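Let me begin by presenting the structure, written as structure tokens, before commenting on it.
Nothing fancy with the numbering, it's 1 onward along the sequence. Because the structure is a prediction, the values reported are computed rather than measured.
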Amino acid sequence: MTLRVEERSAAPAGGEPARLRESGPRRSRRRRNLGETLAGLAFLSPNMLLLGLFVLVPLVGAVSISLQATNGFGSGRFIGWDNYVRLFSDGLFWRSTLNTALFTLIVTPVSMAMGLGIAALLNSVLPARGVFRSIVIVPMAISGVATALIGVLIFDQNSGILDKMLKFAGLPSIPWQSGQGAAFASVVIVTLWWRVGFNMLIYLAGLQGVNPGLHEAARLDGANGWQRFRYITVPMVGPSSFFLLIMNVIYSFQVFDIIFVMTGGGPQNATSVLVTYAYDTGFVTRDQGYAAAIGVVLLLLTLAFTAIQWRISRTRDQVE
């Protein structure tokens, strides 16, 4: 009995038991992981603070206001979901929604296609490529309001540069401000001029990451220029296309400055979109609760599209 107790209490050669010796490195690794986690949180905390202060707090405030009836004076009165129910019978809301969808369906694919075409051209062996890249990118350095003012100088139906050129050529003038279709077209044209440079820049960065050997191998196999573009270039810039699709749709849903300066939503609400309608409702008619409801619906539409596109896209994580 005495011998068994002595054997049990005896420590193995080398000092501490094996279990205690193994817990040391494990504890050290746990402390290191904890330190890395705390360091990561410390780096993220300023961004998270700003995100919460300037995004989450206003968002909660907007949702709260959307549940109230307000007239711009004093505190609002809680009415529940009445503002959202009112949307279903508001013809101007549906007209603005249709205009927003139409604007998005035109601007997004056209600007992306133009951006990809120009990027492919400027990525090839072209003289003075740097100059042409700078010319295309220049509109990115101009604010939306300044871009819209340039659009007014060009498309003004009384003193615009474009109408003067049409008159000089003996062609009839176009009612850019009084014609519904012409006004919508002018907004789309100015927006395309402003957005193509951004799309071109993103696509150009994606094209420069494509292995030139793929095009050379396809050329040796007998593929012509269009086939190489269709079956090599377009698939290889899939991640860029996914990013640009999301960004362009979000921008189109939130377009305001160009339309507000050029047409103000007219004529006869032909260019009224959801953001301009929310602005007029909140700051002109002073119905902030209803305007907040329009903004919340716009946010939900944007989130729904982004989530759906994220689920169905097969090229967002594609790598060479």
* Evaluation steps, side-chain contact (heavy atoms from CB on, under 4.5 Å), between L192 and V107 -> CA-CA 6 Å; L192 289 174; V107 170; 4.3 Å; yes

* Determine, step by step, whether F103 and F253 satisfy the side-chain contact (heavy atoms from CB on, under 4.5 Å) criterion, reporting the C-alpha distance in whole Å, the side-chain angles of both residues, the deciding distance to 0.1 Å, and the verdict. => CA-CA 8 Å; F103 182 86; F253 280 175; over 6 Å; no

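Taken from CG in D82 to OG in S66, the straight-line distance is 11.5 Å, to the nearest 0.5 Å. To the nearest 0.5 angstrom, L116 atom CG is 11.5 Å from M200 atom CE. The OG1 atom of T70 sits 9.0 Å away from atom CZ of R286, with the distance rounded to the nearest 0.5 Å. Note that the CD1 atom of I137 and the CG atom of L204 stand 7.5 Å from one another [nearest 0.5 Å].
Using a 4.5 Å heavy-atom cutoff, the side chains of W193 and I154 are not in contact. For the pair Q309 and I312, the minimum side-chain heavy-atom distance is below 4.5 Å. Within the 4.5 Å cutoff, the side chain of Y290 has no heavy atoms near those of the T285 side chain.
More than 12 heavy-atom neighbours from other residues, nucleotides or ligands sit within 6.0 angstrom of CZ on F78. Enclosure of atom CD in E216 by more than 12 non-hydrogen atoms of other residues, nucleotides or ligands within 6.0 angstrom is indicated. Other residues, nucleotides and ligands contribute over 12 non-hydrogen atoms within 6.0 Å of the CZ atom of F305.
With 3.5 Å as the limit, one finds no donor-acceptor pair spanning the side chains of Y277 and N99. With 3.5 Å as the limit, one finds a donor-acceptor pair spanning the side chains of S111 and N199.
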